[in-house]
Amino acid sequence: MGVVMPPTDRTPKQDRSRATRRRLLEAAVSCLAEHGWAGSTVSAVAERAGVSRGAAQHHFPTREDLFTAAVEYVAEERSAALRALPVQGRTEVVAALVDLYTGPLFRAALQLWVAASNEPQLRPRVTELEARVGRETHRIAVELLAADETRPGVRETVQGLLDMARGLGLANVLTDDTARRQRVVAQWAMLLDDVLDRPRGPRG
């Protein structure tokens with residue numbers, strides 16, 4: 001006769017707690033992206049997540065706790081999306097990077113930037129995480145583009161690409177500029193080809 005293990009509720013309870021926390025963070029991100037900081041309350045997030053306000057406050061006692069955690073969640077999700085990008089041709093890499101700055105994660109991050117400019121509780125965390133995401137974004141872009149940053153102008157060109165992508169993301173908040181964006185992506189891919197494939201000049 002086999003040994004019967006006593007039932008344990010710890011792991012399922014922990015799993016449920018993690019799932020609830022994730023739902024709350026995803027709901028917080030969605031609220032920020034759709035309604036901005038002013039329209040994103042703990043009650044609104046709890047309702048969207050399908051949990052009680054009490055359950056939300058169990059995980060995040062204050063509004064600042066909730067949205068500070070949402071800052072980190074957004075940063076982690078954006079970094080994960082970057083790491084998941086496949087190695088492709090340069091046009092596809094440029095398009096994929098631009099897509100990251102025109103999707104819902106960037107829109108939520110943008111709302112957090114705006115909130116952080118007026119909320120002292122959020123500003124240090126947002127600044128720190130955005131710096132980290134910026135460094136990782138640059139590193140991954142260099143890898144995907146097979147860019148040699150020891151060559152003059154290459155680092156600045158890659159950073160210019162990311163700045164351009166961020167600008168397109170900002171423009172997309174107000175209007176859908178898909179057609180114009182596609183032309184810009186094609187032009188930047190040609191610029192990258194010119195800079196990254198340029199023969200190395202003689203040492204002087």
Side-chain angles (χ1 to χ4, degrees), residues 9-85 95-137 140 162-178 180-181:
D9 295 330
R10 179 175 299 174
T11 300
K13 185 176 181 179
Q14 289 176 342
D15 288 344
R16 289 195 298 271
S17 179
R18 282 193 294 266
T20 298
R21 179 182 173 87
R22 183 179 180 88
R23 287 204 310 275
L24 285 165
L25 292 175
E26 289 175 346
V29 171
S30 296
C31 278
L32 280 170
E34 294 175 20
H35 306 298
W37 175 257
S40 298
T41 64
V42 174
S43 295
V45 170
E47 182 177 357
R48 182 181 287 255
V51 304
S52 67
R53 181 185 171 88
Q57 290 182 313
H58 171 74
H59 288 274
F60 306 103
T62 69
R63 185 183 187 218
E64 287 73 25
D65 290 335
L66 172 59
F67 288 100
T68 297
V71 173
E72 188 157 7
Y73 177 76
V74 168
E76 290 173 352
E77 289 295 299
R78 288 167 64 198
S79 295
L82 282 169
R83 289 192 294 268
L85 289 177
L97 288 167
V98 168
D99 284 346
L100 286 175
Y101 286 99
T102 54
L105 288 177
F106 176 76
R107 187 179 291 264
L110 179 60
Q111 294 292 344
L112 287 169
W113 298 350
V114 174
S117 68
N118 297 309
E119 295 291 331
Q121 301 94 328
L122 290 176
R123 190 180 302 122
R125 182 64 65 86
V126 172
T127 301
E128 175 190 347
L129 289 175
E130 280 303 317
R132 189 185 77 197
V133 171
R135 290 191 297 269
E136 184 163 9
T137 301
I140 294 173
L162 297 176
D163 291 342
M164 178 275 297
R166 187 179 297 109
L168 291 175
L170 290 171
N172 198 61
V173 170
L174 295 177
T175 59
D176 182 0
D177 62 345
T178 302
R180 183 177 68 89
R181 191 162 66 241

*For the atom pair OG1 (Thr102) and CG (Leu170), what is the distance rounded to the nearest 0.5 Å?*
11.0 Å

*Kindly indicate whether the side chain of Gln57, heavy atoms from C-beta on, has any atom under 4.5 Å from the side chain of Asp65.*
no

_Looking at every non-hydrogen atom in both residues, tell me the closest pair between Leu97 and Ala165 and how far apart they are._
O-CB, 4.3 Å

*Quick one: closest heavy-atom pair of Ala28 and Ala70, and the distance?*
CB-CB, 4.0 Å

*Distance, nearest 0.5 Å, that separates OG1 of Thr137 from CG of Leu100*: 7.5 Å

*asked:* Using every non-hydrogen atom in the two residues, find where Leu24 and Leu66 come nearest and quote the distance to one decimal.
replied: O-CD1, 4.3 Å

*Give me the one residue out of Gln111, Arg48, Arg107 that meets side-chain hydrogen bond (donor to acceptor under 3.5 Å, both in side chains) with Glu34.*
Arg48

*To the nearest 0.5 angstrom, please state how far the OG1 atom of Thr41 sits from the CZ atom of Phe67.*
7.0 Å

*asked:* Could you check whether any side-chain N or O of Arg63 sits under 3.5 Å from a backbone N or O of Val42, counting only pairs where one atom can act as donor and the other as acceptor?
replied: no

*Given the rule in the side-chain contact (heavy atoms from CB on, under 4.5 Å) test, do Tyr101 and Asn172 qualify, once you have shown the distances and angles that lead to the verdict?*
CA-CA 9 Å; Tyr101 286 99; Asn172 198 61; over 6 Å; no

*Closest approach of Pro120 and Pro124, non-hydrogen atoms and distance?*
O-CD, 3.2 Å

*Any ion pair linking Glu26 and Arg22 (charged N to carboxylate O, less than 4.0 Å)?*
yes

*Does a sphere of radius 6.0 Å around NE2 in His35 hold more than 12 heavy atoms from other residues, nucleotides or ligands, not counting ones at 6.0 Å or beyond?*
yes

_Can you give me the closest heavy-atom contact between Ala69 and Phe60, atom names plus distance?_
CB-CE2, 3.5 Å

*asked:* I'd like to check Leu129 versus Glu76 (side-chain heavy atoms, cut-off strictly below 4.5 Å). Are they in contact?
replied: no

*Might you point out which heavy atoms bring Val45 and Cys31 nearest each other, and give the distance in Å?*
CG2-SG, 4.0 Å

_Euclidean distance, Thr175 OG1 relative to Arg180 CZ, rounded to 0.5 Å_ = 7.5 Å

*Can you tell me how far the NE2 atom of His59 sits from the CZ atom of Arg18, to the nearest 0.5 Å?*
11.0 Å

*Give, for atom CD of Glu130 and atom CZ of Arg132, the distance between the pair rounded to the nearest 0.5 Å.*
9.5 Å

